[in-house]
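A, B, ... follow the sequence lines: proteins, then strands. Residue 1 opens every chain. Predicted, not measured: the structure shown is a model, and the values here were computed from it.
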2 protein chains.
Amino acid sequence: MILPATPTAGGDASVPSQSPPAQSPGDDLIELLFFAYRDFVGDPDRILAQYGFGRAHHRVLHFVDRYPGLTIAELLDILRITKQSLNRVLKDLIEQDYIVQKTGTSDRRQRLLFCTARGTALAGDLIRVQTHRVTRALAEPAGAASEGGSSEGGAVSAQNFLLAMIEPEERATVRRLMARRARSAV
Amino acid sequence: MILPATPTAGGDASVPSQSPPAQSPGDDLIELLFFAYRDFVGDPDRILAQYGFGRAHHRVLHFVDRYPGLTIAELLDILRITKQSLNRVLKDLIEQDYIVQKTGTSDRRQRLLFCTARGTALAGDLIRVQTHRVTRALAEPAGAASEGGSSEGGAVSAQNFLLAMIEPEERATVRRLMARRARSAV
DNA sequence: CGGTTTATGTCAGTGTTATTGACATATTTC
DNA sequence: GAAATATGTCAATAACACTGACATAAACCG
(Lines give C-alpha, C1' and ligand atoms only; values in the text may rest on other atoms or scores of the structure.)
Protein backbone atom coordinates (compact mmCIF):
# COMPACT_ATOMS: atom_id res chain seq x y z
CA MET A 1 0.00 0.00 0.00
CA ILE A 2 1.67 3.10 -1.20
CA LEU A 3 -0.87 5.78 -1.85
CA PRO A 4 -3.82 7.44 -0.18
CA ALA A 5 -6.58 4.88 0.23
CA THR A 6 -8.27 8.13 1.15
CA PRO A 7 -9.77 7.13 4.47
CA THR A 8 -12.06 10.09 5.06
CA ALA A 9 -13.25 12.04 2.04
CA GLY A 10 -10.54 12.44 -0.54
CA GLY A 11 -11.90 15.57 -2.08
CA ASP A 12 -10.60 16.54 -5.45
CA ALA A 13 -12.18 19.97 -5.71
CA SER A 14 -9.83 22.93 -5.58
CA VAL A 15 -12.31 24.62 -3.36
CA PRO A 16 -11.67 25.94 0.11
CA SER A 17 -13.20 23.59 2.63
CA GLN A 18 -15.89 25.52 4.44
CA SER A 19 -16.42 23.27 7.42
CA PRO A 20 -14.05 24.13 10.27
CA PRO A 21 -12.11 21.13 11.55
CA ALA A 22 -13.77 19.02 14.21
CA GLN A 23 -12.72 19.64 17.80
CA SER A 24 -11.27 17.05 20.12
CA PRO A 25 -10.21 17.38 23.78
CA GLY A 26 -6.55 16.71 23.04
CA ASP A 27 -6.26 19.13 20.16
CA ASP A 28 -4.85 21.96 22.20
CA LEU A 29 -2.23 19.66 23.62
CA ILE A 30 -1.09 18.74 20.16
CA GLU A 31 -0.33 22.33 19.30
CA LEU A 32 1.06 23.12 22.72
CA LEU A 33 3.45 20.23 22.38
CA PHE A 34 4.67 21.73 19.14
CA PHE A 35 5.19 25.18 20.64
CA ALA A 36 6.69 23.84 23.85
CA TYR A 37 9.15 21.68 21.99
CA ARG A 38 10.00 24.50 19.62
CA ASP A 39 11.09 26.76 22.46
CA PHE A 40 12.52 23.89 24.48
CA VAL A 41 15.11 23.10 21.83
CA GLY A 42 15.62 26.76 21.01
CA ASP A 43 17.65 27.47 24.14
CA PRO A 44 20.33 24.82 23.57
CA ASP A 45 20.43 25.59 19.86
CA ARG A 46 21.76 29.05 20.57
CA ILE A 47 24.58 27.70 22.73
CA LEU A 48 25.42 24.89 20.33
CA ALA A 49 25.74 27.30 17.43
CA GLN A 50 28.66 28.95 19.24
CA TYR A 51 30.48 25.63 19.19
CA GLY A 52 29.58 24.78 15.63
CA PHE A 53 27.40 21.94 16.84
CA GLY A 54 23.78 21.15 16.06
CA ARG A 55 20.87 19.41 17.63
CA ALA A 56 22.18 15.99 16.73
CA HIS A 57 25.39 16.66 18.64
CA HIS A 58 23.32 17.79 21.59
CA ARG A 59 21.32 14.61 21.76
CA VAL A 60 24.40 12.43 21.66
CA LEU A 61 26.23 14.53 24.21
CA HIS A 62 23.24 14.64 26.50
CA PHE A 63 22.64 10.91 26.65
CA VAL A 64 26.30 10.01 26.95
CA ASP A 65 26.60 12.53 29.76
CA ARG A 66 23.57 11.23 31.60
CA TYR A 67 24.32 7.58 31.03
CA PRO A 68 28.08 7.09 31.01
CA GLY A 69 29.18 3.85 29.46
CA LEU A 70 26.41 3.82 26.90
CA THR A 71 27.12 1.59 23.92
CA ILE A 72 26.63 2.51 20.29
CA ALA A 73 23.72 0.12 19.98
CA GLU A 74 21.96 1.59 23.00
CA LEU A 75 22.45 5.08 21.67
CA LEU A 76 21.07 4.08 18.29
CA ASP A 77 17.98 2.66 19.96
CA ILE A 78 17.44 5.82 21.96
CA LEU A 79 17.91 8.27 19.12
CA ARG A 80 16.29 6.15 16.43
CA ILE A 81 18.75 7.13 13.78
CA THR A 82 21.06 5.09 11.61
CA LYS A 83 24.59 4.11 12.43
CA GLN A 84 25.85 6.41 9.70
CA SER A 85 24.00 9.41 11.05
CA LEU A 86 25.25 8.75 14.54
CA ASN A 87 28.82 8.25 13.43
CA ARG A 88 28.95 11.59 11.70
CA VAL A 89 28.20 13.60 14.82
CA LEU A 90 29.93 11.21 17.18
CA LYS A 91 33.12 11.60 15.18
CA ASP A 92 32.94 15.37 15.64
CA LEU A 93 32.47 15.03 19.38
CA ILE A 94 35.32 12.55 19.73
CA GLU A 95 37.75 14.49 17.56
CA GLN A 96 37.11 17.61 19.58
CA ASP A 97 37.52 15.83 22.89
CA TYR A 98 33.99 16.00 24.19
CA ILE A 99 33.53 12.25 24.22
CA VAL A 100 35.88 9.27 24.49
CA GLN A 101 35.38 5.64 23.61
CA LYS A 102 36.55 2.76 25.76
CA THR A 103 36.58 -0.83 24.69
CA GLY A 104 34.08 -2.84 26.70
CA THR A 105 35.55 -5.14 29.32
CA SER A 106 33.08 -8.00 29.31
CA ASP A 107 32.45 -7.70 25.56
CA ARG A 108 35.40 -6.23 23.76
CA ARG A 109 33.40 -5.57 20.62
CA GLN A 110 31.50 -2.83 22.36
CA ARG A 111 32.62 0.79 22.50
CA LEU A 112 31.52 2.34 25.76
CA LEU A 113 31.00 6.07 25.50
CA PHE A 114 32.00 8.58 28.14
CA CYS A 115 32.09 12.34 28.35
CA THR A 116 35.40 14.06 28.99
CA ALA A 117 35.52 16.92 31.47
CA ARG A 118 35.00 19.23 28.54
CA GLY A 119 32.02 17.20 27.38
CA THR A 120 30.48 17.20 30.83
CA ALA A 121 30.96 20.96 31.03
CA LEU A 122 29.13 21.59 27.78
CA ALA A 123 26.42 19.06 28.58
CA GLY A 124 26.00 20.84 31.88
CA ASP A 125 25.56 24.20 30.23
CA LEU A 126 22.98 22.76 27.89
CA ILE A 127 20.99 20.94 30.51
CA ARG A 128 21.09 24.03 32.68
CA VAL A 129 19.10 26.18 30.28
CA GLN A 130 16.61 23.41 29.73
CA THR A 131 16.26 22.65 33.42
CA HIS A 132 15.69 26.34 33.98
CA ARG A 133 12.80 26.37 31.55
CA VAL A 134 11.28 23.19 32.99
CA THR A 135 11.70 24.30 36.57
CA ARG A 136 10.09 27.63 35.83
CA ALA A 137 7.24 25.84 34.09
CA LEU A 138 6.67 23.61 37.10
CA ALA A 139 6.81 26.53 39.48
CA GLU A 140 4.31 28.55 37.46
CA PRO A 141 1.06 29.04 39.40
CA ALA A 142 -1.40 26.53 38.03
CA GLY A 143 -3.84 28.18 35.66
CA ALA A 144 -1.59 31.14 34.99
CA ALA A 145 -1.84 30.01 31.45
CA SER A 146 -5.02 28.15 30.61
CA GLU A 147 -7.56 30.65 31.93
CA GLY A 148 -10.89 29.18 30.95
CA GLY A 149 -9.83 25.68 30.06
CA SER A 150 -12.09 22.69 30.41
CA SER A 151 -10.94 20.89 33.53
CA GLU A 152 -10.84 17.17 33.03
CA GLY A 153 -8.47 15.01 34.98
CA GLY A 154 -4.77 15.49 34.28
CA ALA A 155 -5.51 17.50 31.18
CA VAL A 156 -5.23 20.80 32.94
CA SER A 157 -1.81 20.31 34.43
CA ALA A 158 -0.38 18.81 31.28
CA GLN A 159 -1.79 21.79 29.41
CA ASN A 160 -0.48 24.24 31.99
CA PHE A 161 2.91 22.65 31.91
CA LEU A 162 3.25 22.81 28.15
CA LEU A 163 1.97 26.36 27.96
CA ALA A 164 4.38 27.38 30.72
CA MET A 165 7.19 25.82 28.72
CA ILE A 166 6.62 28.33 25.96
CA GLU A 167 8.77 31.42 25.90
CA PRO A 168 6.87 33.95 28.08
CA GLU A 169 6.81 36.66 25.43
CA GLU A 170 5.33 34.23 22.95
CA ARG A 171 2.57 32.92 25.15
CA ALA A 172 0.24 35.77 24.38
CA THR A 173 0.65 35.12 20.68
CA VAL A 174 -0.03 31.43 21.11
CA ARG A 175 -3.00 32.08 23.34
CA ARG A 176 -4.39 34.58 20.86
CA LEU A 177 -3.98 32.11 18.04
CA MET A 178 -5.67 29.29 19.89
CA ALA A 179 -8.48 31.54 21.00
CA ARG A 180 -9.10 32.26 17.35
CA ARG A 181 -9.85 28.62 16.78
CA ALA A 182 -12.08 28.29 19.82
CA ARG A 183 -14.17 31.17 18.51
CA SER A 184 -14.66 29.86 14.99
CA ALA A 185 -15.49 26.39 16.27
CA VAL A 186 -18.63 27.50 18.12
CA MET B 1 31.63 36.10 20.59
CA ILE B 2 32.00 33.03 18.46
CA LEU B 3 33.70 30.35 20.45
CA PRO B 4 33.47 28.67 23.82
CA ALA B 5 34.22 31.22 26.49
CA THR B 6 34.07 28.01 28.45
CA PRO B 7 31.54 28.99 31.06
CA THR B 8 31.97 26.18 33.56
CA ALA B 9 35.19 24.23 33.52
CA GLY B 10 36.48 23.83 30.00
CA GLY B 11 38.43 20.69 30.60
CA ASP B 12 41.10 19.88 28.09
CA ALA B 13 42.00 16.43 29.31
CA SER B 14 40.99 13.50 27.14
CA VAL B 15 40.00 11.69 30.28
CA PRO B 16 36.57 10.28 31.05
CA SER B 17 34.85 12.48 33.55
CA GLN B 18 34.34 10.40 36.65
CA SER B 19 31.75 12.50 38.44
CA PRO B 20 28.21 11.60 37.39
CA PRO B 21 26.17 14.59 36.26
CA ALA B 22 24.38 16.56 38.93
CA GLN B 23 20.68 15.84 39.40
CA SER B 24 17.91 18.37 39.10
CA PRO B 25 14.15 17.94 39.61
CA GLY B 26 13.31 18.72 35.99
CA ASP B 27 15.90 16.41 34.46
CA ASP B 28 13.52 13.53 33.91
CA LEU B 29 11.09 15.83 32.17
CA ILE B 30 13.78 16.91 29.75
CA GLU B 31 14.34 13.38 28.59
CA LEU B 32 10.67 12.48 28.68
CA LEU B 33 9.94 15.44 26.45
CA PHE B 34 12.43 14.09 23.98
CA PHE B 35 10.95 10.60 23.99
CA ALA B 36 7.36 11.83 23.96
CA TYR B 37 8.00 14.13 21.04
CA ARG B 38 9.89 11.42 19.19
CA ASP B 39 6.91 9.08 19.27
CA PHE B 40 4.42 11.92 18.90
CA VAL B 41 5.76 12.85 15.47
CA GLY B 42 6.40 9.24 14.55
CA ASP B 43 2.71 8.49 13.95
CA PRO B 44 2.07 11.21 11.36
CA ASP B 45 5.44 10.59 9.73
CA ARG B 46 4.34 7.14 8.68
CA ILE B 47 1.19 8.49 7.04
CA LEU B 48 2.96 11.40 5.38
CA ALA B 49 5.53 9.12 3.83
CA GLN B 50 2.74 7.48 1.85
CA TYR B 51 1.96 10.83 0.25
CA GLY B 52 5.56 11.80 -0.33
CA PHE B 53 5.29 14.53 2.27
CA GLY B 54 7.48 15.26 5.26
CA ARG B 55 7.17 16.86 8.63
CA ALA B 56 7.36 20.34 7.20
CA HIS B 57 4.33 19.68 5.04
CA HIS B 58 2.50 18.39 8.07
CA ARG B 59 3.12 21.51 10.10
CA VAL B 60 1.90 23.80 7.34
CA LEU B 61 -1.14 21.66 6.62
CA HIS B 62 -2.01 21.40 10.29
CA PHE B 63 -1.97 25.09 11.04
CA VAL B 64 -3.74 26.08 7.85
CA ASP B 65 -6.39 23.48 8.62
CA ARG B 66 -6.86 24.64 12.18
CA TYR B 67 -6.70 28.32 11.39
CA PRO B 68 -8.26 28.91 7.98
CA GLY B 69 -7.31 32.25 6.47
CA LEU B 70 -3.85 32.28 7.99
CA THR B 71 -1.45 34.61 6.21
CA ILE B 72 2.07 33.78 5.13
CA ALA B 73 3.51 36.11 7.74
CA GLU B 74 1.50 34.49 10.53
CA LEU B 75 2.58 31.06 9.41
CA LEU B 76 6.21 32.12 9.32
CA ASP B 77 5.91 33.42 12.87
CA ILE B 78 4.34 30.18 14.07
CA LEU B 79 6.77 27.84 12.39
CA ARG B 80 9.86 29.98 12.86
CA ILE B 81 11.30 29.16 9.50
CA THR B 82 12.32 31.33 6.59
CA LYS B 83 10.11 32.40 3.75
CA GLN B 84 12.11 30.23 1.38
CA SER B 85 11.69 27.12 3.49
CA LEU B 86 7.99 27.70 3.80
CA ASN B 87 7.53 28.34 0.10
CA ARG B 88 9.10 25.08 -0.87
CA VAL B 89 6.61 22.95 1.05
CA LEU B 90 3.70 25.30 0.51
CA LYS B 91 4.24 25.04 -3.23
CA ASP B 92 3.97 21.26 -3.02
CA LEU B 93 0.74 21.48 -1.06
CA ILE B 94 -0.79 24.02 -3.42
CA GLU B 95 0.23 22.21 -6.59
CA GLN B 96 -1.29 19.02 -5.30
CA ASP B 97 -4.50 20.70 -4.25
CA TYR B 98 -4.25 20.39 -0.51
CA ILE B 99 -4.16 24.13 0.06
CA VAL B 100 -5.42 27.16 -1.86
CA GLN B 101 -4.48 30.81 -1.60
CA LYS B 102 -6.96 33.66 -1.72
CA THR B 103 -6.03 37.29 -2.03
CA GLY B 104 -6.87 39.16 1.14
CA THR B 105 -9.90 41.44 1.01
CA SER B 106 -8.88 44.22 3.36
CA ASP B 107 -5.23 44.01 2.36
CA ARG B 108 -4.80 42.66 -1.13
CA ARG B 109 -1.08 42.03 -0.63
CA GLN B 110 -1.87 39.20 1.72
CA ARG B 111 -2.41 35.62 0.63
CA LEU B 112 -4.89 33.93 2.90
CA LEU B 113 -4.40 30.19 3.14
CA PHE B 114 -7.17 27.62 3.21
CA CYS B 115 -7.34 23.86 3.04
CA THR B 116 -9.25 22.22 0.23
CA ALA B 117 -11.50 19.26 1.02
CA ARG B 118 -8.58 17.04 0.20
CA GLY B 119 -6.32 19.03 2.54
CA THR B 120 -8.85 18.87 5.35
CA ALA B 121 -9.14 15.13 4.85
CA LEU B 122 -5.41 14.55 5.17
CA ALA B 123 -5.09 16.97 8.06
CA GLY B 124 -7.89 15.07 9.73
CA ASP B 125 -6.13 11.75 9.33
CA LEU B 126 -2.98 13.21 10.78
CA ILE B 127 -4.59 14.88 13.73
CA ARG B 128 -6.55 11.71 14.40
CA VAL B 129 -3.51 9.59 15.15
CA GLN B 130 -2.06 12.32 17.31
CA THR B 131 -5.29 12.92 19.15
CA HIS B 132 -5.49 9.21 19.75
CA ARG B 133 -2.10 9.20 21.42
CA VAL B 134 -2.86 12.28 23.49
CA THR B 135 -6.28 11.04 24.52
CA ARG B 136 -4.86 7.71 25.57
CA ALA B 137 -2.17 9.50 27.53
CA LEU B 138 -4.74 11.61 29.35
CA ALA B 139 -6.89 8.59 30.10
CA GLU B 140 -4.00 6.61 31.47
CA PRO B 141 -4.44 5.95 35.20
CA ALA B 142 -2.22 8.46 36.97
CA GLY B 143 0.95 6.79 38.18
CA ALA B 144 0.67 3.91 35.75
CA ALA B 145 4.00 5.17 34.55
CA SER B 146 6.03 6.97 37.16
CA GLU B 147 5.87 4.38 39.95
CA GLY B 148 8.05 5.84 42.70
CA GLY B 149 8.25 9.42 41.53
CA SER B 150 8.83 12.35 43.86
CA SER B 151 5.50 14.10 44.15
CA GLU B 152 5.85 17.83 43.95
CA GLY B 153 3.11 19.97 42.58
CA GLY B 154 2.32 19.58 38.90
CA ALA B 155 5.48 17.63 38.28
CA VAL B 156 3.82 14.29 38.64
CA SER B 157 1.07 14.82 36.13
CA ALA B 158 3.34 16.44 33.60
CA GLN B 159 5.68 13.50 34.03
CA ASN B 160 2.86 10.99 33.79
CA PHE B 161 1.51 12.66 30.72
CA LEU B 162 4.81 12.64 28.89
CA LEU B 163 5.58 9.06 29.85
CA ALA B 164 2.12 8.01 28.74
CA MET B 165 2.75 9.70 25.41
CA ILE B 166 5.57 7.29 24.72
CA GLU B 167 4.83 4.24 22.62
CA PRO B 168 3.68 1.61 25.15
CA GLU B 169 6.18 -1.02 24.06
CA GLU B 170 9.00 1.47 24.49
CA ARG B 171 8.08 2.63 27.95
CA ALA B 172 9.79 -0.24 29.67
CA THR B 173 13.01 0.56 27.83
CA VAL B 174 12.80 4.23 28.74
CA ARG B 175 11.99 3.44 32.34
CA ARG B 176 14.88 1.00 32.51
CA LEU B 177 17.22 3.59 31.06
CA MET B 178 16.17 6.30 33.45
CA ALA B 179 16.35 3.95 36.41
CA ARG B 180 19.96 3.35 35.47
CA ARG B 181 20.68 6.99 36.05
CA ALA B 182 18.81 7.13 39.32
CA ARG B 183 20.94 4.28 40.56
CA SER B 184 24.31 5.72 39.63
CA ALA B 185 23.41 9.10 41.07
CA VAL B 186 23.05 7.81 44.63
C1' DC C 1 38.17 -25.62 15.72
C1' DG C 2 35.19 -23.36 12.41
C1' DG C 3 30.93 -21.22 11.05
C1' DT C 4 27.52 -17.80 12.37
C1' DT C 5 26.04 -13.96 14.67
C1' DT C 6 26.86 -9.56 16.84
C1' DA C 7 28.91 -4.81 17.41
C1' DT C 8 30.89 -1.52 15.12
C1' DG C 9 32.96 1.27 11.24
C1' DT C 10 32.92 3.14 6.61
C1' DC C 11 32.20 4.30 1.56
C1' DA C 12 29.10 6.28 -1.81
C1' DG C 13 24.93 8.39 -3.15
C1' DT C 14 20.59 10.77 -2.11
C1' DG C 15 16.67 13.47 -0.01
C1' DT C 16 14.39 16.72 3.23
C1' DT C 17 14.57 20.64 5.78
C1' DA C 18 16.67 24.34 6.89
C1' DT C 19 19.87 28.48 6.17
C1' DT C 20 21.81 33.21 3.97
C1' DG C 21 21.84 36.93 0.71
C1' DA C 22 20.03 39.29 -3.01
C1' DC C 23 16.52 40.94 -5.69
C1' DA C 24 11.60 41.58 -7.79
C1' DT C 25 6.59 42.84 -7.57
C1' DA C 26 2.36 44.49 -5.87
C1' DT C 27 0.04 47.08 -2.53
C1' DT C 28 -0.62 49.97 1.30
C1' DT C 29 0.52 53.93 3.99
C1' DC C 30 2.04 58.46 4.89
C1' DG D 1 5.19 60.07 -4.99
C1' DA D 2 8.28 57.89 -1.50
C1' DA D 3 8.68 54.49 1.96
C1' DA D 4 7.23 50.55 4.18
C1' DT D 5 4.94 46.04 3.93
C1' DA D 6 3.64 41.27 2.14
C1' DT D 7 4.96 38.12 -0.74
C1' DG D 8 7.71 35.51 -4.31
C1' DT D 9 12.01 33.78 -6.22
C1' DC D 10 16.96 32.75 -7.62
C1' DA D 11 21.26 30.64 -6.16
C1' DA D 12 24.31 28.54 -3.00
C1' DT D 13 25.06 26.03 1.22
C1' DA D 14 24.61 23.27 5.48
C1' DA D 15 22.66 19.94 8.91
C1' DC D 16 20.60 15.80 9.39
C1' DA D 17 18.71 12.02 7.90
C1' DC D 18 18.25 7.88 4.70
C1' DT D 19 19.58 3.37 1.76
C1' DG D 20 22.67 -0.17 0.32
C1' DA D 21 26.86 -2.38 0.41
C1' DC D 22 30.82 -3.97 2.45
C1' DA D 23 34.69 -4.67 6.14
C1' DT D 24 36.59 -5.99 10.68
C1' DA D 25 36.87 -7.85 15.13
C1' DA D 26 35.05 -10.38 18.77
C1' DA D 27 31.80 -13.54 20.74
C1' DC D 28 29.01 -17.54 20.64
C1' DC D 29 27.88 -22.18 19.60
C1' DG D 30 27.90 -26.85 17.98
Side-chain angles (χ1 to χ4, degrees), chain A residues 34 37-38 41-42 44-62 64 69-96 99-114, chain B residues 2 34 37-38 41-42 44-64 69-96 99-114:
Chain A
F34 167 77
Y37 200 79
R38 182 194 68 178
V41 296
D45 279 357
R46 264 166 254 129
I47 296 176
L48 290 157
Q50 301 176 346
Y51 292 77
F53 290 145
R55 223 169 269 179
H57 298 91
H58 181 195
R59 295 196 277 257
V60 171
L61 189 62
H62 172 90
V64 171
L70 220 50
T71 66
I72 301 290
E74 287 171 325
L75 202 43
L76 287 177
D77 184 54
I78 290 172
L79 302 178
R80 294 290 162 77
I81 56 176
T82 58
K83 208 174 16 170
Q84 295 86 332
S85 293
L86 173 58
N87 258 6
R88 183 175 38 77
V89 293
L90 187 54
K91 211 171 102 181
D92 291 344
L93 291 167
I94 290 173
E95 280 175 355
Q96 295 174 51
I99 286 180
V100 285
Q101 290 183 324
K102 300 178 82 172
T103 300
T105 47
S106 62
D107 186 337
R108 295 186 40 211
R109 288 172 304 181
Q110 296 181 329
R111 301 299 148 88
L112 310 184
L113 302 170
F114 296 89
Chain B
I2 298 215
F34 166 77
Y37 199 80
R38 182 194 67 179
V41 296
D45 279 357
R46 262 165 255 128
I47 297 176
L48 291 157
Q50 302 177 345
Y51 292 78
F53 290 145
R55 226 170 267 178
H57 298 92
H58 181 197
R59 295 196 278 254
V60 171
L61 189 62
H62 172 91
F63 282 104
V64 171
L70 219 49
T71 67
I72 301 289
E74 287 170 324
L75 202 43
L76 288 177
D77 184 54
I78 288 171
L79 302 177
R80 294 291 163 76
I81 57 175
T82 58
K83 206 175 15 170
Q84 296 85 332
S85 293
L86 173 58
N87 258 6
R88 183 177 38 77
V89 293
L90 188 53
K91 211 170 102 182
D92 293 343
L93 291 167
I94 290 173
E95 281 174 355
Q96 294 174 52
I99 287 180
V100 285
Q101 290 183 323
K102 301 179 82 171
T103 300
T105 46
S106 62
D107 185 338
R108 296 185 38 214
R109 288 171 303 180
Q110 296 181 331
R111 303 298 149 88
L112 310 185
L113 302 171
F114 296 90

**Student:** When you compare the protein's N or O atoms with those of nucleotides 17-20 of chain D, which come within less than 3.5 Å of each other, and at what distance?
**Tutor:**
residue	atom	partner	partner atom	Å
dA17(D)	OP1	Arg59(A)	NH2	2.4
dC18(D)	OP2	Thr82(A)	N	2.6
dC18(D)	OP2	Thr82(A)	OG1	2.9
dC18(D)	OP2	Ser85(A)	OG	3.2
dT19(D)	O4	Gln84(A)	NE2	3.4
dG20(D)	O6	Gln84(A)	NE2	2.6

**Student:** With heavy atoms under 4.0 Å as the rule, sort Glu74(A) into base, sugar-phosphate or nothing.
**Tutor:**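 The residue Glu74(A) makes no contact with any strand.
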**Student:** Suppose we screen for ring pair (Phe, Tyr, Trp, His ring centres under 6.0 Å). Which residues come up paired with Phe53(B), at least two apart in sequence or across chains?
**Tutor:**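 Result, ring pair (Phe, Tyr, Trp, His ring centres under 6.0 Å) vs Phe53(B): His57(B), Tyr98(B).
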**Student:** Test of understanding: with side chain to side chain donor-acceptor pair (under 3.5 Å), list the residues that count as partners of Asp45(A), not counting sequence neighbours.
**Tutor:**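 Listed in chain order: Arg55(A).
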**Student:** Mind calculating the distance between CD1 (Ile72(A)) and P (dA26(D)) to the nearest angstrom?
**Tutor:**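 These atoms are roughly 16 Å apart.
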**Student:** What is the distance, to the nearest angstrom, from the CG atom on Leu86(B) to the C1' atom on dT17(C)?
**Tutor:** 12 Å
**Student:** Nearest whole angstrom, please: distance from the P of dA14(D) to the OH of Tyr51(A).
**Tutor:**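 So the two atoms are 23 Å apart, to the nearest Å.
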**Student:** Can you name the side chain to side chain donor-acceptor pair (under 3.5 Å) partners of Gln110(B), sequence neighbours left out?
**Tutor:**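 Partners of Gln110(B) under the side chain to side chain donor-acceptor pair (under 3.5 Å) test: none.
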**Student:** Rounded to whole Å, how long is the line connecting atom CD1 of Ile94(A) with atom C1' of dG9(C)?
**Tutor:**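 Result: 11 Å.
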**Student:** Using the ring centroid of each side chain, check whether Phe34(B) and Tyr37(A) are separated by less than 6.0 Å.
**Tutor:** no
**Student:** In whole angstrom, what separates Asp45(A)'s CG from dC16(D)'s C1'?
**Tutor:**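 Result: 13 Å.
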**Student:** Under the side chain to side chain donor-acceptor pair (under 3.5 Å) test, which residues partner Asp107(B), sequence neighbours left out?
**Tutor:** Arg109(B)
**Student:** Mind calculating the distance between CG (Asp77(B)) and C1' (dT7(D)) to the nearest angstrom?
**Tutor:** 16 Å
**Student:** What residue pairs, at least two apart or across chains, pass side-chain hydrogen bond (donor to acceptor under 3.5 Å, both in side chains) with a residue in residues 70-81 of chain B?
**Tutor:** Glu170(A)-Arg80(B), Arg180(A)-Glu74(B), Thr71(B)-Glu74(B)
**Student:** Between Leu75(B) and Leu86(B), which heavy-atom pair has the shortest distance, and what is it?
**Tutor:**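 Leu75(B) and Leu86(B) have their closest heavy atoms at CD2-CD1, 4.0 Å.
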**Student:** Send over the distance from Asn87(B) CG to dA24(C) C1', rounded to a whole Å.
**Tutor:** 14 Å
**Student:** Restricting to non-hydrogen atoms, name the atom on Val89(B) and the atom on Ala56(B) that form the minimum distance, rounded to 0.1 Å.
**Tutor:**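 Closest approach of Val89(B) to Ala56(B), heavy atoms only: CG1-CB, 3.6 Å.
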**Student:** Hey, is the side chain of Gln110(A) poking within less than 4.0 Å of OP1 or OP2 on dA25(D), counting only N and O atoms?
**Tutor:** no
**Student:** Which residues satisfy the side-chain contact (heavy atoms from CB on, under 4.5 Å) test with Ile94(A), sequence neighbours excluded?
**Tutor:** Leu90(A), Ile99(A), Gln101(A)
**Student:** Please produce a list of atom pairs where a protein N or O lies less than 3.5 Å from an N or O of nucleotides 28-30 of chain C.
**Tutor:**
residue	atom	partner	partner atom	Å
dT28(C)	OP1	Arg108(B)	N	3.2

**Student:** Taking the nucleotide of DNA chain D with the nearest heavy atom to each, does Gly54(A) or Thr71(B) sit closer to the 5' end?
**Tutor:** Thr71(B)
**Student:** With a cut-off of less than 4.0 Å, is there a side-chain N or O of His57(B) near OP1 or OP2 of dT17(C)?
**Tutor:**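 Checking dT17(C) against His57(B), a side-chain N or O does come within under 4.0 Å of OP1 or OP2.
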**Student:** Describe, as an angle rounded to 10 degrees, how the axis at the first end of the helix from dC1(C)-dG30(D) to dC30(C)-dG1(D) is tilted relative to the axis at the last end, five pairs per end.
**Tutor:**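 End-to-end axis angle: 30°.
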**Student:** Which sits closer to the 5' end of DNA chain D, Arg55(A) or Leu90(B), going by the nucleotide each is nearest to?
**Tutor:**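 First, find each residue's nearest nucleotide; the 5'-ward one identifies Leu90(B).
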**Student:** Measure the shortest side-chain to side-chain distance between Leu70(B) and Ile78(B) over non-hydrogen atoms and say whether it is less than 4.5 angstrom.
**Tutor:** yes
**Student:** How long is the line joining CG of Asp92(B) and P of dT9(D), in whole Å?
**Tutor:**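 Computing the Asp92(B):CG to dT9(D):P distance gives 13 Å.
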**Student:** Arg108(B): what forms a side chain to side chain donor-acceptor pair (under 3.5 Å) with it, not counting sequence neighbours?
**Tutor:** none
**Student:** With Arg88(A), which residues qualify under salt bridge (charged side-chain N to carboxylate O under 4.0 Å, His left out), at least two apart?
**Tutor:**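 So Arg88(A) forms no salt bridge (charged side-chain N to carboxylate O under 4.0 Å, His left out) with any residue.
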